[in-house]
Amino acid sequence: MSTVLWANHLKDGVVESDESDKFSLYKFLDKLDSICEKLDITRISAACDATDFRVNLEELELPEGMASTDELMAQSGAWLDAEDAVHMLETLLSTVTAENIRFGIVKNHHQEVVAELEESIAYAKAAAQNNARFNCSIVM
């Protein structure tokens with residue numbers, strides 16, 4: 001079992017997920033945050049929510065009456081305005097591709113990071129079109 005990111009929408013208290021594993025974005029989250037800081041944009045980790053991760057590690061319990069981590073994340077999770085998320089992700093992608101930034105020491109995961117950023121941008125754009133909020137949940 002590995003830890004990954006999933007992109008999510010939040011609209012009217014309901015979470016919808018793309019349920020697409022973004023292993024490289026999770027693996028290189030610190031490096032992506034560092035790039036965001038240099039660009040003076042919102043860090044990608046600001047869009048990451050650890051509710052599901054913490055429940056699976058038994059650090060957090062679902063409140064009485066809640067059936068899923070999505071319900072708890074909808075209520076108290078980390079969310080960004082979808083338009084802000086689109087701006088951050090597009091700026092990050094532009095820099096990663098323009099500077100051909102390497103991800104990984106032995107193997108270069110650049111293409112995987114680019115593909116996962118593109119997938120996340122598409123999901124964030126869909127959230128923006130639906131006046132929804134956006135995040136990436138840490139899932140294991």
Side-chain angles (χ1 to χ4, degrees):
M1 180 165 40
S2 63
T3 305
V4 297
L5 296 179
W6 284 358
N8 303 295
H9 294 178
L10 173 65
K11 182 165 180 164
D12 301 325
V14 177
V15 174
E16 289 186 29
S17 176
D18 71 350
E19 296 186 11
S20 174
D21 293 350
K22 292 166 189 57
F23 175 75
S24 294
L25 290 186
Y26 179 76
K27 181 176 181 176
F28 297 108
L29 195 57
D30 289 340
K31 183 168 186 166
L32 292 165
D33 270 351
S34 178
I35 296 166
C36 289
E37 288 175 13
K38 289 177 186 171
L39 296 170
D40 196 29
I41 59 173
T42 302
R43 292 178 308 131
I44 191 169
S45 63
C48 294
D49 181 86
T51 302
D52 186 78
F53 183 77
R54 292 181 62 212
V55 168
N56 283 324
L57 290 178
E58 298 180 356
E59 292 179 2
L60 183 66
E61 288 188 27
L62 288 176
E64 188 71 32
M66 283 195 183
S68 75
T69 55
D70 282 354
E71 291 178 64
L72 182 56
M73 184 172 58
Q75 186 179 77
S76 60
W79 294 94
L80 291 181
D81 178 77
E83 290 182 9
D84 292 341
V86 169
H87 171 72
M88 176 264 294
L89 292 166
E90 286 183 334
T91 303
L92 188 55
L93 176 63
S94 176
T95 299
V96 165
T97 55
E99 296 180 14
N100 197 27
I101 296 174
R102 181 180 178 88
F103 293 90
I105 296 170
V106 176
K107 179 183 177 207
N108 186 1
H109 296 270
H110 175 88
Q111 284 307 118
E112 292 94 332
V113 170
V114 166
E116 291 175 9
L117 283 170
E118 290 172 340
E119 186 176 276
S120 298
I121 289 167
Y123 209 71
K125 283 182 176 180
Q129 290 173 348
N130 290 315
N131 297 316
R133 299 189 49 84
F134 175 86
N135 82 4
C136 291
S137 55
I138 302 170
V139 179
M140 66 183 293

### Message
Taking Ser94's backbone N and O only, do any of them form a donor-acceptor pair with Thr97's side chain (distance below 3.5 Å, no angle check)?
### Response
yes
### Query
Is the closest side-chain donor-acceptor distance between Ser137 and Asp52 under 3.5 Å?
no
### Query
How long is the gap from OH on Tyr26 to OG on Ser45, to the nearest 0.5 Å?
11.5 Å
### Task
Would you please test Asn8 and Phe134 for side-chain contact (heavy atoms from CB on, under 4.5 Å) and show each step?
CA-CA 6 Å; Asn8 303 295; Phe134 175 86; over 6 Å; no
### Message
Within the structure provided, determine whether Asp70 and Met73 are in side-chain contact (heavy-atom separation under 4.5 Å).
### Response
yes
### Trace of the side-chain contact (heavy atoms from CB on, under 4.5 Å) decision for Lys31 with Ile101
CA-CA 10 Å; Lys31 183 168 186 166; Ile101 296 174; 3.7 Å; yes
### Task
Count the heavy atoms belonging to other residues, nucleotides or ligands that lie under 6.0 Å from CG of Asp40, then report whether that count exceeds 12.
no
### Message
Let me confirm one number: the CD-CG distance from Glu116 to Leu93, rounded to the nearest 0.5 Å.
### Response
12.0 Å
### Query
Would you find more than 12 non-hydrogen atoms of other residues, nucleotides or ligands less than 6.0 Å from Glu83 atom CD?
no
#### Entry: NZ/NE/NH1/NH2 to OD/OE distance under 4.0 Å, Lys107 and Glu112
yes
### Message
Can you tell me if Glu58 has over 12 outside heavy atoms packed within less than 6.0 Å of its CD?
### Response
no
### Query
Same cluster for Ile138 and Leu117 if Ile/Leu/Val/Met/Phe/Trp/Tyr side chains link at under 4.5 Å?
yes
